[in-house]
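Note that the numbering runs from 1 along the sequence shown for the chain.
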Amino acid sequence: MLPGRYFDDLTLGQETLTPRVTVTEGHILSYAGVAGDFSPIHMDNVYAQTTEFGGRIAHGLMGLSLTDGLKVQSATFKDGIALSWSWSFKKPIRIGDTLQAHIRIKEMRPSNSKPGMGIVVMDIDLVNQNGEVVQKGEHGLMVPRRPDAGVPA
């Protein structure tokens, strides 16, 4: 059984800090291979130095992917099923940045279509080692209810 809380164990306004991850060259190379995005802003330091960023930056969607992984590692919930993401890219992520997600439960309600599940909406800030929000947004997911919650599965 995976760690994490059932919907019935979560509380509105609950906040969680995830573990941290330091972005490496390997992250960028691996993500480029998976996504097929080999843009020079991510791969070519000489080119990237001529841009407004002054050097290579990580893929924006890699930041979202890291956020999702950090969220799961935090064991905030059990077996969540993604319903939605609304995401903004605020600042570049660079090799060597250490990232951590700050999660706050914004909304909760039992699912109308799946009685054994609850709907959770989280506000998430992805923050770097300087306390700067580099990405942020909202994530909706379906989380299992406690088997003993008296709700039909």
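In this structure, D97 has no salt bridge (Lys or Arg N to Asp or Glu O under 4.0 Å) partners at least two apart in sequence or on a different chain. For S65, there are no side chain to side chain donor-acceptor pair (under 3.5 Å) partners, not counting sequence neighbours. With sequence neighbours left out, D125 forms a side chain to side chain donor-acceptor pair (under 3.5 Å) with no residue at all. Take E138 and apply the side chain to side chain contact (heavy atoms under 4.5 Å, CB included) test, not counting sequence neighbours, and it matches S86, K106, V121, D123. Remark: H42 engages no residue in a side chain to side chain donor-acceptor pair (under 3.5 Å) (not counting sequence neighbours). Here K71 pairs with D68, H139 under the side chain to side chain donor-acceptor pair (under 3.5 Å) rule; sequence neighbours left out. Qualifying salt bridge (Lys or Arg N to Asp or Glu O under 4.0 Å) partners for D9, counting only residues two or more places apart in sequence or in other chains: R146.
With contacts defined as side-chain heavy-atom distances shorter than 4.5 Å, the pair V21/Q73 does not qualify. Two residues are said to be in side-chain contact when any heavy atoms from C-beta on lie closer than 4.5 Å; V134 and K90 fail this criterion. Using a 4.5 Å heavy-atom threshold, the side chains of I105 and T11 count as separate. The shortest distance between side-chain heavy atoms of W85 and L64 falls below 4.5 Å.
With values rounded to the nearest 0.5 angstrom, I119 atom CD1 is found 9.0 Å from S84 atom OG. L10 CG to T76 OG1: the interatomic distance, rounded to the nearest 0.5 Å, is 8.0 Å. I93 contributes atom CD1, which lies 6.0 Å from atom CE of M62 (distance to the nearest 0.5 angstrom). Atom CG of L66 and atom CG of L99 lie 6.5 Å apart (nearest 0.5 Å). Rounding to the nearest 0.5 Å gives a distance of 4.5 Å between CE of M142 and CG of L83.
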Check your understanding: Please walk me through it: do L61 and F89 pass side chain to side chain contact (heavy atoms under 4.5 Å, CB included)?
Key -> CA-CA 9 Å; L61 289 176; F89 306 91; 4.1 Å; yes

Review point. Please walk me through it: do I124 and Q135 pass side chain to side chain contact (heavy atoms under 4.5 Å, CB included)?
Key: CA-CA 8 Å; I124 304 176; Q135 297 183 2; over 6 Å; no

Exercise for review: Applying side chain to side chain contact (heavy atoms under 4.5 Å, CB included), run through I41 and F53 and close with a yes or a no.
Suggested key: CA-CA 9 Å; I41 192 69; F53 301 109; 3.8 Å; yes

Exercise for review: Decide yes or no on side chain to side chain contact (heavy atoms under 4.5 Å, CB included) for M117 and I81, but give the supporting numbers first.
Suggested key: CA-CA 10 Å; M117 304 292 277; I81 300 167; 3.8 Å; yes

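V127 belongs to a hydrophobic cluster whose remaining members, ordered by chain and number, are V133; membership requires side-chain heavy atoms of ILVMFWY residues under 4.5 Å apart, directly or through intermediates.
Using modelled atom types, no side-chain atom of N130 and backbone atom of E132 make a donor-acceptor pair closer than 3.5 Å. Distance alone, capped at 3.5 Å, places no donor-acceptor pair between the E15 side chain and the R104 backbone.
Nearest heavy atom pair, residue R145 against residue F7, reads NE-CD2, 3.6 Å. Considering every non-hydrogen atom in both M122 and I103, the closest pair reads SD-CG2, 3.4 Å. Nearest heavy atoms, F38 versus A32: CZ-O, 3.5 Å. Heavy atoms only, all atoms of each residue included: A101 and T67 are closest at CB-CG2, 4.4 Å. Minimum heavy-atom separation, T16 to S74: CG2-CB, 4.0 Å. Listed here is the closest heavy atom pair of P40 and A48: O-CB, 4.3 Å.
Within the structure, side-chain hydrogen bond (donor to acceptor under 3.5 Å, both in side chains) contacts touching residues 28-39 (residues at least two apart or in different chains) are D37-S39. For the ring pair (Phe, Tyr, Trp, His ring centres under 6.0 Å) condition, no pair includes a residue of residues 108-133, sequence neighbours left out. Pairs engaging residues 44-60 under the side-chain hydrogen bond (donor to acceptor under 3.5 Å, both in side chains) rule: E25-R56 [sequence neighbours left out]. The list of ring pair (Phe, Tyr, Trp, His ring centres under 6.0 Å) pairs with a residue in residues 90-135, not counting sequence neighbours, is empty.
Hydrophobic clustering places L70 together with W87 (ILVMFWY residues linked when any side-chain heavy atoms are closer than 4.5 Å, directly or through intermediates). In the hydrophobic clustering of ILVMFWY residues, with side-chain heavy atoms under 4.5 Å counting as a link, L29 and V23 come out together.
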